[in-house]
Number of protein chains: 2
Amino acid sequence: MKNKKSIKIENIHPGLSVDCVLFGFDNNELKILLLKLKSIEKWALPGGFVEKDKDVSEGTNSVLKERIGLENIFLKQFYLFGNVSRNENSHTKLLIEHKIISEDLREWFQQRFVTVGYYALVEYSKVKETTVDFISESCEWHSINELPEMILDHKKIILKAHQTLKKELNSEPIGLNLLPKQFTMPELQALYETVLEKKLDRRNFSRKMLNYRILIATNQRRAGVRHKAPKLYEFDEIKYNQAILDGFNSVW
Amino acid sequence: MKNKKSIKIENIHPGLSVDCVLFGFDNNELKILLLKLKSIEKWALPGGFVEKDKDVSEGTNSVLKERIGLENIFLKQFYLFGNVSRNENSHTKLLIEHKIISEDLREWFQQRFVTVGYYALVEYSKVKETTVDFISESCEWHSINELPEMILDHKKIILKAHQTLKKELNSEPIGLNLLPKQFTMPELQALYETVLEKKLDRRNFSRKMLNYRILIATNQRRAGVRHKAPKLYEFDEIKYNQAILDGFNSVW
DNA sequence: TTATATTTGTGTCATATTAACACAATGACA
DNA sequence: TGTCATTGTGTTAATATGACACAAATATAA
């Protein structure tokens, strides 16, 4: 476990937090990294505060580095959650009762917060171990389809992140960042189907994907399956990024 | 001129502002409402602060209502500008020197701010008069192609708003909110060309638009032009909104 | 009154894309 | 050697797109 940093209130931007929806793709499911809180039977998104002399995006990068030990993760801001109603102090009260945070921080924790939502994409298998923060007792992946009870508006934040992912599937390098270096066409399709929450025709999907010219077919196959071994592909990163700039399928 | 409200610091969310890129469409140009500051030869986006007990979006609505006297304007949050480098106090210093804000507010104004960018769409002709805020001396429309010198990162904010508009042309009711109730096909095309910053083929544009089935052809024509009078159309709002939900041209 | 200049409305055609299908090939395992 | 699930590839009809051409309308000039 890492050293716990104590919060130095005077260096923190007031009333502002960041929350990070970290997506991984495993077992044909979208998974999200969540923290189990110490004082209550609820889970939370990994999040944190922003130092006064740091960019907001840096704050989010720090959160990711602390939780999963990885840097240079794909990260994108998607929304500022700024409704008054999202603030609710029952959790803070419990934290103080359980002496997880000290009484003199009560006022600071109970101020009204707005939070910046970021989504992050990581190759699931690269996350070897996770670490908790000072108010949490465990940190685990959860399927987006089976989310546990969550604090505040965190479920809403996840929903919005998923909607954003859907919208940006053709304008951000989502496949590139969620899949391992090599993958099969069915795996790529499964990712698309999971993000889009709908079934796609296998044959049309393959043709369309190949027509984008962003895939490199290796001459290897995924062995060990009890049926025809599928080809392994890699992304052509240069062409992928160019396609994103040009718009995969620009309407106009 | 409206009554100037004085800022009550204790009721304001600290370190948080909103800035609003209000788009209008006039003379085949995208125009943006800007404020000329009192103390320096620079312009600024209409903006403001968020009261502690108000949603962030309410803060932005208030800004719009105060500047143009209109409510229920289409409004969409598009980005939180949270870099440290965007903060710069030379302007605050001038405001204090010119006694536009009082010395005791110096510290509050010089704290590090993050700002939430909203874009708003309004039918240009509905804006009859504009009003300034307490640090500004005039409030005028400017073509997005001929922006004056602006404070802080406001030019960057406008650029990002325009990029967002481009992206969302097929997923937000942009035509509906920028054009008057009745408009001609060439006017609609001009709007698209302005937002997209590229020329479109007149005949293909018309066909494609009509195929969306979101237009109602009236049996009137725009008279007084020195050539063939173009048909007037209206949007079918129900179908327009449905098309947005379904995705005009969903790729997958 | 007629001609002119300009812009609108509509159509064509070749090509590309999409949706909905069918069937042969592969490879672990029984 | 046969079975079974899955992969790889192909066909076809319908639809959409991009690049064009030409006739109709209308204020203004001649």
Side-chain angles (χ1 to χ4, degrees), chain A residues 27-29 169-171 175 179-180 182-194 196-234 239 243 246-252, chain B residues 27-29 169-171 175 179-180 182-194 196-234 239 243 246-252:
Chain A
N27 194 26
N28 283 356
E29 280 186 317
L169 190 54
N170 275 293
S171 54
L179 290 175
Q182 298 199 327
F183 52 88
T184 66
M185 191 62 80
E187 285 162 4
L188 183 59
Q189 184 179 342
L191 173 59
Y192 272 68
E193 289 182 340
T194 306
L196 296 168
E197 294 180 296
K198 72 172 174 189
K199 289 283 165 201
L200 301 170
D201 182 273
R202 191 172 63 83
R203 294 153 291 190
N204 294 337
F205 178 84
S206 170
R207 176 160 34 108
K208 190 160 172 167
M209 261 302 158
L210 291 171
N211 276 341
Y212 284 154
R213 316 267 165 209
I214 59 170
L215 296 181
I216 301 168
T218 71
N219 39 25
Q220 296 157 266
R221 287 169 182 274
R222 171 89 72 224
V225 285
R226 51 176 296 169
H227 52 73
K228 183 166 178 175
K231 267 188 210 164
L232 285 169
Y233 291 90
E234 296 176 6
K239 288 187 182 165
D246 300 344
F248 268 94
N249 288 46
S250 73
V251 180
W252 291 105
Chain B
N27 193 26
N28 283 355
E29 280 186 317
L169 191 53
N170 276 294
S171 55
L179 291 175
Q182 298 198 328
F183 51 89
T184 67
M185 191 62 81
E187 285 162 4
L188 182 59
Q189 183 179 341
L191 173 59
Y192 272 68
E193 290 182 341
T194 307
L196 297 169
E197 294 180 296
K198 71 173 175 189
K199 289 286 166 199
L200 302 170
D201 182 90
R202 190 172 64 82
R203 295 153 289 190
N204 294 337
F205 178 83
S206 170
R207 182 182 33 174
K208 190 160 173 167
M209 261 301 159
L210 292 171
N211 276 340
Y212 284 156
R213 316 267 167 210
I214 59 170
L215 296 181
I216 300 169
T218 70
N219 40 24
Q220 296 157 267
R221 286 168 183 276
R222 171 89 72 223
V225 286
R226 50 175 295 170
H227 51 73
K228 181 166 179 176
K231 268 190 209 164
L232 285 169
Y233 291 90
E234 296 176 5
K239 288 187 183 164
D246 300 342
F248 268 94
N249 287 47
S250 71
V251 180
W252 292 104

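In what follows, chains are A, B, ... by sequence order, proteins preceding strands, each numbered from 1. Everything numeric here is computed off the predicted structure, so don't read it as measured data.
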Determine whether a donor-acceptor pair (one donor, one acceptor, N or O, separation below 3.5 Å) exists between the side chain of A/Arg207 and the base of D/dG8.
no
Regarding D/dA16, can its base be found pairing with the side chain of B/Asn211 as donor and acceptor, where the two atoms are less than 3.5 Å apart? no
For the residue pair B/Lys239 and B/Ile216, establish whether any side-chain heavy-atom pair is separated by less than 4.5 Å. no
Is there a side-chain contact between B/Lys231 and the phosphate of C/dT10, meaning an N or O under 4.0 Å from OP1 or OP2? yes
Below 4.5 Å, heavy atoms only, C-beta onward: do A/Arg213 and A/Asn211 meet side chain to side chain? yes
note: A/Leu200, atom CG; C/dA19, atom P; distance rounded to Å ~ 9 Å
Comparing A/Leu210 with B/Asn204, nearest DNA chain D nucleotide closer to 5' gives the residue A/Leu210
When rounded to whole Å, the CZ to P distance for the pair B/Arg222 and C/dG9 reads 12 Å
Regarding the side chain of B/Asn249, the nearest nucleotide among D/dT17, C/dG9, D/dT7 is D/dT17
Self-check item: Parallel, tilted or perpendicular: ring planes of B/Tyr212 versus A/Trp252, cut at 30 and 60 degrees
Solution: perpendicular
From NZ of B/Lys198 across to C1' of D/dG18 the rounded distance in Å is 12 Å
A/Gln189 CD to D/dT6 C1', in whole Å, measures 12 Å
Next on the checklist: Need one value for A/Arg221: base, sugar-phosphate or nothing, where a base atom within 4.0 Å counts as base even if backbone is also close, heavy atoms only.
Outcome noted: sugar-phosphate
Atom CE of B/Met209 and atom P of C/dT8 are separated, to the nearest Å, by 16 Å
Has the side chain of A/Arg202 got a donor or acceptor atom sitting under 3.5 Å from an opposite partner on the base of D/dG8?
yes
Is a donor-acceptor pair below 3.5 Å formed from side chain B/Arg203 to base D/dA21, judging by atom type as modelled? yes
Regarding the side chain of A/Arg226, the nearest nucleotide among D/dT7, C/dC29, D/dG8 is C/dC29
When rounded to whole Å, the CZ to P distance for the pair A/Arg213 and C/dA16 reads 12 Å
Here the distance between atom C1' of D/dA16 and atom CZ of B/Phe248, to the nearest Å, is 16 Å
Note: A/Asn170 and A/Phe248 closest approach over all heavy atoms is O-CD1, 3.0 Å
B/Leu232 CG to C/dT8 P, in whole Å, measures 12 Å
Walking DNA chain C from its 5' end, the first of B/Val251 and B/Ala229 to be reached, judged by nearest nucleotide, is B/Ala229
Contact between B/Ile214 and B/Tyr233 at the side-chain level, heavy atoms closer than 4.5 Å - yes or no?
no
